[in-house]
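The block underneath contains the structure these notes are about, expressed in C-alpha cells.
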Amino acid sequence: MRSTESNVTQSITQVIAASSLGTLIEWYDFYIFGSLAVIIGQQLFPSDAGASALINTLAIFAAGFIVRPFGALVFGRLGDLIGRKYTFLLTLVLMGGSTFLIGLIPSYSSIGYAAPILVLILRLVQGLALGGEYGGAATYVAEHAPVGKRGFFTSWIQTTATLGLFLSLGVIVLTKNILGAKNFADWGWRIPFLVSILLVVVSIYIRMKMHESPVFSKLKAEGKVSANPLKESFQKKANFKMVLVALFGATMGQGVVWYTGQFYAQSFLENTCKLDFNESRYILLWAIVFATPFFVIFGSWSDKVGRKWIMLTGMLLGVVCYRPIYQYFLDATDVKEMQKTMLLSESEPVVERGLVPDKADSLITTTITKTLTNGMTFKESKVEVITEDVLAEVPAVQTVIKDVTLSTQSYIMVILLVFFQIVLVTMVYGPIAAFLVELFPTQIRYTSMSLPYHIGNGVFGGLVPFIATLIASFQGSTPLSGLWYPIGIAALSFIIGAVYINNRRDENVMD
C-alpha cells in the first residue's frame with residue numbers, strides 16, 4: 001500500500017515539475033516585456049515621443065493579452081482533439097521562438113516604425129501561445145491528481161505565473177547591474193529575451209518525455225473524444241452558462257487582482273512615484289519571495305473548505321484596500337514636500353549638454369542628488385532648451401524628479417504593502433485552476449476552461465496597467481484615478497460570484 005502511494009506521489013511530482021517548468025518559462029517570456037516597458041518604449045518609438053512612448057508600449061504589451069482568448073480557442077480545441085501533451089508542447093515552441101526574435105528586432109533609429117510593428121506581431125504570437133499553455137498545464141496536472149488533493153497539486157502550477165515574473169525581474173536586475181545602466185538601456189535589455197531560448201530548449205526536452213493524461217488516454221481509447229469541442233462548449237446551454245459564471249464570477253475579478261498587485265504596483269512605483277529602477281524591482285522581488293508559498297497554502301485549504309469564499313475574499317480585500325495602499329505609496333515618495341523641512345545635503349551639480357533630437361537646439365540638464373534627514377535620496381534634474389532663434393520666448397526650466405530611494409522604514413513598509421497585495425493574488429489564483437477544471441467534463445475541458453480564464457485573466461486583468469495608466473493621464477485625473485478600473489471589476493466579480501458560484505471542494509473530474 002505504501003509502495004503504491006509512493007509511486008503515485010512520485011508520478012504526480014514528476015508531472016507537476018515538468019508542467020510547471022514549461023509554464024514558468026512561458027510566463028517569464030511573456031513578462032519580460034512588461035518589466036522593461038519603459039526601456040523598450042525608448043527603443044521602439046522616436047526619442048521625442050515622451051509619455052506616449054510608454055503608453056504605446058503598454059498598448060503593445062496589452063495586445064498580447066487581448067489575443068489570449070483566441071489562443072485558448074485554437075489550442076483548447078487541439079488539446080481536446082489530439083491531447084494535452086502535444087498541444088502545450090507546441091505552445092512552448094511558439095512562445096520561446098517569438099520571445100527570442102523580440103530580442104533581435106532593430107530599434108526605431110534603424111528601421112523606423114517597422115520596429116514596433118514587428119514587435120507587435122511577435123507579441124500577438126506570444127499571446128496566442130500563452131492562451132493555449134495554461135489550460136493544458138492546469139488540466140494535465142488536475143487529471144493526474146488524486147481525490148481530495150486537486151487544489152493542492154494544481155496550486156503548484158499557479159505559482160509559475162508569479163515565479164515567472166520573479167525570474168524575469170531577477171534576470172533583468174542582474175543583467176543591468178553587470179552591464180551598467182547605459183549599456184543596459186542601449187543594448188543589454190535584449191539579453192533577457194535572448195537567453196530565454198536556452199530555458200525553452202531544456203523545457204522542450206523534459207516535456208517530450210511526458211506521457212499523455214490518463215483521463216484523456218482512457219477517453220480516447222473508449223472513442224469518446226469530442227468531435228467538435230467548440231460547439232459542445234458554447235452551444236450547449238448548461239455548459240455555456242458555466243463558462244459565463246467562470247468568467248464574470250471568478251476569472252474577471254481574479255485577473256484584475258493579479259495584475260494590480262504585481263504589474264501595476266511595479267509600474268506605479270516606478271513611473272508615478274519615480275522610484276529608482278532597482279529599488280522598485282527589489283521591492284517586488286522581496287514581496288514575491290515571501291508571498292509565493294501562499295499559493296500552495298490557499299490551494300490546499302480550498303480542498304478542505306471549498307474554492308469559492310477564498311477567491312471572493314481576495315477580491316473584496318482588494319476593493320477595500322487598494323486606494324489606501326497606493327495613497328501610502330504617494331505619501332512615502334512625496335520628496336517635493338519632504339525636502340522643505342527634511343533636506344540634509346545636496347551634491348555638486350552635474351551639467352550635461354547635448355542637442356535636442358532632430359533639431360539644432362541645445363539641451364542643458366543640471367542634476368543634483370539630494371539627501372533627506374530620514375535617509376531618502378533622489379535626483380532633481382532641471383532641463384533647459386536653448387534655441388538659436390533670438391526672437392523666441394525664453395523657455396521655462398522643467399524640473400524632473402527621478403531615481404528616488406526610500407528611507408529604511410518606508411522601504412520595509414512598501415515591501416509589506418506589496419506583499420499584502422500578492423497574498424490577495426494567491427487567494428484568488430491559488431484555488432482557481434482546480435475550480436475551473438471541476439466545472440467542465442473531460443471531453444471539452446481544455447477548451448471550456450481556457451476561454452473564460454484567458455478573457456478574465458488576459459483581457460480584464462492584462463489591461464490593468466494600460467487602462468489604469470491611461471485613466472490617470474487624463475486631464476483632471478489624480479494619480480489614484482486609474483485604480484477605479486480594477487476596483488470596479490473586482491467588486492462586480494465579487495457580487496456575481498457570491499450569487500452564482502457553488503462552493504466546490506473536490507468534484508469528480510474522471511467523468
Side-chain angles (χ1 to χ4, degrees), residues 27 29-45 49-71 98 102 113 115-128 130-131 161 164-165 168-169 247 251-274 280-281 284 318 322-323 326 329 421 425 453-490 492-493:
W27 284 116
D29 286 352
F30 200 70
Y31 286 143
I32 331 173
F33 194 97
S35 300
L36 292 172
V38 174
I39 292 175
I40 292 174
Q42 295 167 356
Q43 297 288 328
L44 296 184
F45 297 97
S52 65
L54 175 61
I55 292 176
N56 289 335
T57 305
L58 289 174
I60 293 175
F61 181 57
F65 291 98
I66 293 172
V67 299
R68 275 169 57 179
F70 298 100
S98 57
I102 288 177
Y113 281 105
I117 292 172
L118 289 173
V119 171
L120 174 61
I121 292 170
L122 292 172
R123 183 70 188 159
L124 294 176
V125 175
Q126 281 188 322
L128 290 171
L130 191 60
L165 175 59
S168 70
L169 292 171
L247 170 58
T251 63
M252 181 174 75
Q254 171 263 307
V256 296
V257 171
W258 205 105
Y259 286 94
T260 301
Q262 297 184 129
F263 260 103
Y264 188 61
Q266 178 195 313
S267 176
F268 190 88
L269 289 170
E270 183 178 358
N271 300 314
T272 303
C273 300
K274 306 301 179 184
S280 64
R281 283 154 181 80
L284 198 57
Y322 281 149
R323 283 185 67 86
Y326 284 79
F329 292 165
Q421 290 183 76
V425 171
Y453 173 79
H454 285 292
I455 293 178
N457 189 280
V459 178
F460 285 100
L463 291 177
V464 167
F466 173 68
I467 292 179
T469 303
L470 186 64
I471 292 173
S473 70
F474 292 155
Q475 188 174 2
S477 296
T478 70
L480 298 181
S481 297
L483 289 171
W484 287 119
Y485 171 70
I487 287 173
I489 296 296
L492 179 61
S493 190

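Note that these values count all heavy atoms, side chains included, but never hydrogens, waters or copies made by symmetry.
Within the structure, the salt bridge (Lys or Arg N to Asp or Glu O under 4.0 Å) test picks out no pair touching residues 457-486 (sequence neighbours left out).
Aromatic ring centres of Phe466 and Phe61: separated by at least 6.0 Å. For an aromatic pair to be called close, the ring centres must be under 6.0 Å apart, and Tyr259 with Phe460 fails this.
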Candidate pair Phe263 and Val464, rule side chain to side chain contact (heavy atoms under 4.5 Å, CB included), full reasoning: CA-CA 8 Å; Phe263 260 103; Val464 167; over 6 Å; no
Arg68/Leu128 under side chain to side chain contact (heavy atoms under 4.5 Å, CB included): CA gap, chis, key distance, verdict: CA-CA 5 Å; Arg68 275 169 57 179; Leu128 290 171; over 6 Å; no
Val256 and Ile487: CA distance, side-chain angles, deciding distance, side chain to side chain contact (heavy atoms under 4.5 Å, CB included) verdict: CA-CA 8 Å; Val256 296; Ile487 287 173; over 6 Å; no
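By the side-chain contact (heavy atoms from CB on, under 4.5 Å) test, Ala63 is found to be paired with Leu120, Leu124, residues two or more places apart in sequence or in another chain being considered. For the side-chain contact (heavy atoms from CB on, under 4.5 Å) test, residues two or more places apart in sequence or in another chain that qualify with Gln42 are Val38. In this structure, the side-chain contact (heavy atoms from CB on, under 4.5 Å) partners of Leu44, at least two apart in sequence or on a different chain, are Ile40, Ile60, Ala115, Pro116, Val119. Tyr322 is linked by a side-chain hydrogen bond (donor to acceptor under 3.5 Å, both in side chains) to nothing, counting only residues two or more places apart in sequence or in another chain.
Counting only distance, with no hydrogens or angles, the side chain of Ser267 and the backbone of Tyr264 share no donor-acceptor pair below 3.5 Å. Judged purely by atom type and a 3.5 angstrom limit, Asn457 has no side-chain atom pairing as donor or acceptor with the backbone of Tyr453. Formation of a donor-acceptor pair under 3.5 Å by the Thr57 side chain with backbone atoms of Ala53 is found in this model. Ser493 places a side-chain N or O within donor-acceptor distance of the main-chain N or O of Gly253, the cut-off being under 3.5 Å.
The shortest distance between side-chain heavy atoms of Leu284 and Leu169 falls below 4.5 Å. Contact check for His454 versus Val459: no side-chain heavy atoms found under the 4.5 Å cut-off. Side-chain contact between Ile102 and Gln126: present, with at least one pair of heavy atoms (C-beta onward) separated by less than 4.5 Å.
One finds the OG1 atom of Thr260 at 9.0 Å from the OH atom of Tyr485 (value rounded to the nearest 0.5 Å).
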Hey, can you pull the donor-acceptor pairs under 3.5 Å for the side chains in residues 471-481, sequence neighbours left out?
from	atom 1	to	atom 2	distance (Å)
Ser473	OG	Leu470	O	2.6
Ser477	OG	Ile471	O	2.8
Ser477	OG	Phe474	O	3.2
Thr478	OG1	Leu480	N	3.4
Thr478	OG1	Ser481	N	3.4
Thr478	OG1	Ser481	OG	3.1
Ser481	OG	Thr478	N	2.9
Ser481	OG	Thr478	O	3.1

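Using modelled atom types and a 3.5 Å distance limit, the side chains of Tyr326 and Gln421 yield a donor-acceptor pair.
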